[in-house]
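Index from 1, following the sequence.
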Amino acid sequence: MTPSPATPVIDTHVILRDGDKVLLSQRGGPYGYGRWHAPSGKLDAGEPLTNGAARELSEETGVEVDPEHLRLVHVVHHKQDAQTERIGLFFLATTWKGEPVNREPEKCLDLRWWSVHELPEDIIAYPEAGLLGYLKGGEQLTEHGWS
């Protein structure tokens, strides 16, 4: 039997950093309700990665970033369940315009700046792996949920 090619969901995550603070949003939808993560979303078919990341950031927070000002800082290959795997690309916005506002109140309970030294304990595990991977430096790939 020949194995079939992987068909992961591709997620883009944007890390907005202001000094020692990072912007996190609190989930309001059924997945991870009440827990924190970086602004993120699924890549649309035919969309370049950095364009998708910039689009998701704008849709969720109103913050505008030129895709050229997004730097790839970490990748997470996440096994969600027996049928679903995801590849999360974590980008650091090096320059942006605007102040974050909650543009999706039906999906987001709160937007808040957190110190990188005092992150909330209830970050969703998959995006937490990417955020901590970036903050710790070193390896740029985390395989999450595979064992």
K.L.:
Could you give me the CA-CA distance, side-chain angles and deciding distance for E56 and V14, then say whether side chain to side chain contact (heavy atoms under 4.5 Å, CB included) is met?
P.N.:
CA-CA 8 Å; E56 286 290 346; V14 178; over 6 Å; no
K.L.:
Is L132 linked to Y134 within one hydrophobic cluster, defined over Ile, Leu, Val, Met, Phe, Trp and Tyr using a side-chain heavy-atom separation of less than 4.5 Å?
P.N.:
yes
K.L.:
Under the side chain to side chain contact (heavy atoms under 4.5 Å, CB included) test, which residues partner K107, sequence neighbours left out?
P.N.:
E104
K.L.:
Of all heavy-atom pairs between V63 and G98, which one has the smallest distance, and what is that distance?
P.N.:
CG2-O, 4.2 Å
K.L.:
Write down the atom of C108, the atom of D110, and the distance for their closest heavy-atom approach.
P.N.:
SG-O, 3.2 Å
K.L.:
Looking at NE2 of H117 and NZ of K21, how far apart are the two atoms once the value is rounded to the nearest 0.5 Å?
P.N.:
9.0 Å
K.L.:
So, for F90 and P127, which heavy atoms are closest and what is the spacing to 0.1 Å?
P.N.:
CE2-O, 3.6 Å
K.L.:
With clusters defined by side-chain heavy atoms of hydrophobic residues (ILVMFWY) lying less than 4.5 Å apart, directly or transitively, does L43 cluster with V76?
P.N.:
no
K.L.:
Side chain of Q26, backbone of G34: donor and acceptor closer than 3.5 Å?
P.N.:
yes
K.L.:
Following the transitive rule for hydrophobic clusters with a side-chain heavy-atom cut-off under 4.5 Å over Ile, Leu, Val, Met, Phe, Trp and Tyr, establish whether I123 and L111 coincide in one cluster.
P.N.:
no
K.L.:
With sequence neighbours left out, write down each residue that passes side chain to side chain contact (heavy atoms under 4.5 Å, CB included) with V75, or none if nothing qualifies.
P.N.:
L72, I87, L89, L141
K.L.:
Flag yes if more than 12 heavy atoms outside E121 fall under 6.0 Å of its CD atom; otherwise flag no.
P.N.:
no
K.L.:
Rounded to the nearest 0.5 Å, how far apart are CZ of R103 and OG of S58?
P.N.:
5.0 Å
K.L.:
Report the C-alpha separation of H37 and S25 in whole Å, then their side-chain angles, then the decisive distance to 0.1 Å, and conclude whether the side chain to side chain contact (heavy atoms under 4.5 Å, CB included) test is met.
P.N.:
CA-CA 6 Å; H37 67 101; S25 60; 3.4 Å; yes
K.L.:
To the nearest 0.5 Å, tell me how far E85 CD sits from I10 CD1.
P.N.:
10.5 Å
K.L.:
Rounded to the nearest 0.5 Å, what separates atom OG1 in T12 from atom CD in E47?
P.N.:
7.5 Å
K.L.:
Who passes side chain to side chain donor-acceptor pair (under 3.5 Å) against D11, sequence neighbours left out?
P.N.:
R86, Y126
K.L.:
Please answer: with hydrophobic residues joined when any side-chain heavy atoms are less than 4.5 Å apart, are L135 and L92 in the same cluster?
P.N.:
yes
K.L.:
Tell me the closest heavy-atom pair linking L16 and P100, and the distance in Å.
P.N.:
CD1-CG, 4.5 Å
K.L.:
Checking R27 side chain against Y31 main chain: does a donor-acceptor pair fall under 3.5 Å?
P.N.:
yes
K.L.:
Out of the candidates K79, H78, E128, only one should pair with H144 under the side-chain hydrogen bond (donor to acceptor under 3.5 Å, both in side chains) rule; please name it.
P.N.:
H78
K.L.:
Distance from D44 atom CG to N51 atom CG, nearest 0.5 Å?
P.N.:
10.5 Å
K.L.:
Linking I/L/V/M/F/W/Y whenever their side-chain heavy atoms sit closer than 4.5 Å, directly or via other members, would W113 and V22 fall into one cluster?
P.N.:
no
K.L.:
Measuring from L109:CG to W36:CH2, what's the distance to the nearest 0.5 Å?
P.N.:
8.0 Å
K.L.:
F91 and side chain to side chain contact (heavy atoms under 4.5 Å, CB included): which single residue from L57, I15, V73, L49 fits?
P.N.:
L49
